[in-house]
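Written out below as structure tokens is the structure these notes cover.
Naming convention: chains lettered A, B, ... in sequence-line order (proteins, then strands); numbering from 1 in each chain. Below, all heavy atoms of this structure are taken into account, side chains as well, without hydrogens, waters or symmetry copies.
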There are 2 protein chains.
Amino acid sequence: MSSRSVTIKDIAKILGISKSTVSRALSEHSDVNQETRKKILEVAQQLNYQPNALALNLKQQRTNTIGVIIPETVNRFFAKAIGGIQRVANLAGYNVMICQSDESYITEKNNLRSLIASHVDGVIISVSSETDRTDHFDLLLQKKIPVVFFDRIREDLHTSQVYTDNYEISFAGTEHLIQQGCQRIAIIAGPQNLHNSRNRLNGYMDALKKHDRPVKESYIVHSNFTGGNIEEYTRYLINLPQRPDAVFAINDYAAVEMMHVFKKNGLKIPDDIAVLGFNNENIGRFVEPPLSTIDLPSYDMGAVSAEILLAQIRDASAPIQRKLVKSQLIIRESTHRITTP
Amino acid sequence: MSSRSVTIKDIAKILGISKSTVSRALSEHSDVNQETRKKILEVAQQLNYQPNALALNLKQQRTNTIGVIIPETVNRFFAKAIGGIQRVANLAGYNVMICQSDESYITEKNNLRSLIASHVDGVIISVSSETDRTDHFDLLLQKKIPVVFFDRIREDLHTSQVYTDNYEISFAGTEHLIQQGCQRIAIIAGPQNLHNSRNRLNGYMDALKKHDRPVKESYIVHSNFTGGNIEEYTRYLINLPQRPDAVFAINDYAAVEMMHVFKKNGLKIPDDIAVLGFNNENIGRFVEPPLSTIDLPSYDMGAVSAEILLAQIRDASAPIQRKLVKSQLIIRESTHRITTP
DNA sequence: GTGAAAGCGCTAACAA
DNA sequence: TTGTTAGCGCTTTCAC
């Protein structure tokens, strides 16, 4: 009942042998006399010996822990990604330390500092929407801590990156709207310092160009992900002299809120205005009409990120990887016009 | 540019003093000559000295890390709770290690084992819906690791607990439905090994009794939180000889899905059937009609849990606490009948 | 006020 | 095959 836990020293004392022998027997990969090994294992079992991870950490200067920095856990996209990361990490015997940047550069920097101070073996990160510089990542590279960026990546850094095809899927979504006969397609675009947002906007614009639709500034609204002003933006769009007949929203919550406002203003969805979301939240299946959206492979992106990171942790010479995980267009009724051209 | 980080030994060598003096100067609370202290701090600053947390951990047998076990991060309730926990923990200089039990007893047990192996200083936990025993928590108590249960608590254990008034709020919600003139109120109840679910069911039943409504077995459906069978349950309720005219759902997702099915079957909400949700998800504001629900104080529960835990970590003799954080009934149109009795 | 030495629990190089 | 020793980076007695 002593609250002190048992150490190899205790086992050694009991058997009258040295602690190095005990250490060797316990760590499998050294030659120890079968007899003594057996005895050691028995005693270890009896005393319910558990190696002290803290001692190992100090000795080996690693922690079997990976750090994760994401903007926020309440965002379903990241919550799912965490699931994928943890799955892979836990199977490999790694713990996961999670930090939230709350979309703030300074918090992200502090998170990073504290993860480094905790000597995590590697870091997976999706940068905050506010972050427009990369100097705070230098410390990781300096300390040779493996790092994988996912989703919100930084192409300018020479590190592993896991991302999805924002440009292509945005292109495909816009093209889908065009094929439904939509002529004036508006977009709620994200923060332009984010690579993803730029790609999405480019995909949208290029699809319009391909089909000879003019790209109008007034149809492009710049927002952030928290969507505080969606109602205002929606009203703005409704009141345009040339009201759009389709809108590609920044995410499903914005899309649903917009639908709400459109309906209150007597607009029919999708015939007066088609609505396409982004993120495939549960909510989209239960609104009227059900929301078309883009399914982002967040769980898989998390899992893939963890796999790449672990490979780099285990072998410092493992190559930097850039991996694409594809998104998918999910067509429901909010963009499905009966009267296609 | 050496990748080895600087230690107190380095500083000592440079100044030609002993490392104990350096240690003392750096750890504030010992008397060191003003002159030498100043020099030490200067050099430390110059070399950008960072104490090695691993060495400290071993020495002091603690890690400045708290462990958190929750059923799943994709559940918005828990995602928000994590936010509250992290806020408080980070301000106090603690890191947070998060594990998901995926609603599985065995995973929960493994999570616990791995957190203990990592020597977390304390644990915050919300038990899985599958967990119907407490033996796996003994290890925590044995090792005298402070623990706080939140939301999904275990009243039978002598530990700190943070919970909300499930009974009272469920009573209030049911009473609200009665006051709207509902006569036959059904409930989608949760797993009965969960304390919360039992309390909610009891609140529901007692409210009915108080107002002389009979409690009918056929109006009580037992479900789990993932809600795979909601559509089936809904159809079952619709087809009852005495169709209910109100339903108190297990959570907002279930409520929204039920509304969807009700509407498809030509039922008007709330006049044919009123719907009350649970959890106050964003989704509830944007469905037709907007969903009445219960707002659970998840962020606050997380924050309060962390505060209690930290108090117990800092002072082992700090008292066990049981703290109630109140929920709130949010009335929207899905339960607001114009024709009250 | 400062230094020497021991120790947290473990591993690993070197000796025997 | 096993024991001795040193050391990971830090704190903390105990001398001086």
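- The separation between Lys39(A) atom NZ and dT1(D) atom C1' is 13 Å, rounded to whole Å.
- No more than 12 heavy atoms of other residues, nucleotides or ligands shown are found within 6.0 angstrom of CZ on Arg87(A).
- Between Thr7(A) and the phosphate of dG9(C), there is no side-chain N or O to OP1/OP2 separation shorter than 4.0 Å.
- In this model, the phosphate group of dT11(C) is approached by a side-chain N or O of Ser23(A) to a distance below 4.0 Å at OP1 or OP2.
- A donor-acceptor pair is defined here as one N or O able to donate and one able to accept, closer than 3.5 Å; such a pair exists between the side chain of Asn193(A) and the backbone of Thr131(A).
- Under the 30°/60° scheme for interplanar angles, the aromatic rings of Phe150(B) and Phe77(B) are found to lie parallel.
- When heavy atoms are screened at a 4.0 angstrom cut-off, Ile8(B) is found touching base atoms of the nucleic acid.
- Between Tyr49(B) and dC10(D), a side-chain N or O to OP1/OP2 separation shorter than 4.0 Å is present.
- As a whole-Å value, the separation of Arg24(A) CZ from dT5(D) C1' is 12 Å.
- In this structure a side-chain-to-backbone donor-acceptor pair under 3.5 Å is present from Asn196(B) to Asp151(B).
- Residues Ser129(B) and Glu103(B) have side chains that bring a donor and an acceptor to within less than 3.5 angstrom of each other.
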Please write out each protein N/O paired with an N/O of nucleotides 6-8 of chain D under 3.5 Å, distance rounded to 0.1 Å.
unit_1, atom_1, unit_2, atom_2, d
dG7(D), N2, Lys59(A), NZ, 2.8
dC8(D), O3', Gln61(A), NE2, 3.4

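- Rounded to whole Å, atom C1' of dG9(C) lies 13 Å from atom CG of Leu26(A).
- Taking atom CD of residue Gln34(B) and atom C1' of nucleotide dT2(C), one finds them 15 Å apart after rounding to whole Å.
- Distances from the side chain of Ser20(B) to the nucleotides dT11(D), dC10(C), dT12(D) place dT12(D) closest.
- The nearest whole Å value for the distance from the CG atom in Asp10(A) to the P atom in dG9(C) is 9 Å.
- Per the geometry, CD belonging to Gln50(A) stands 14 Å off P belonging to dG9(C), to the nearest Å.
- Between Thr21(B) and the phosphate of dG3(C), there is a side-chain N or O to OP1/OP2 separation shorter than 4.0 Å.
- A close approach under 4.0 Å does occur between a side-chain nitrogen or oxygen of Thr36(A) and OP1 or OP2 of dT2(D).
- Side-chain atoms of Asn33(A) come within 3.5 Å of backbone atoms of Glu35(A) as a donor-acceptor pair (strictly under, hydrogens ignored).
- Counted by atom type alone, Asn52(B) and Ser5(B) present zero donor-acceptor pairs between their side chains at under 3.5 Å.
- Note: CG (Leu54(A)) to P (dT11(D)) measures 15 Å, nearest angstrom.
- Atom CD of Glu35(B) is separated from atom C1' of dT2(C) by 15 Å (rounded to the nearest Å).
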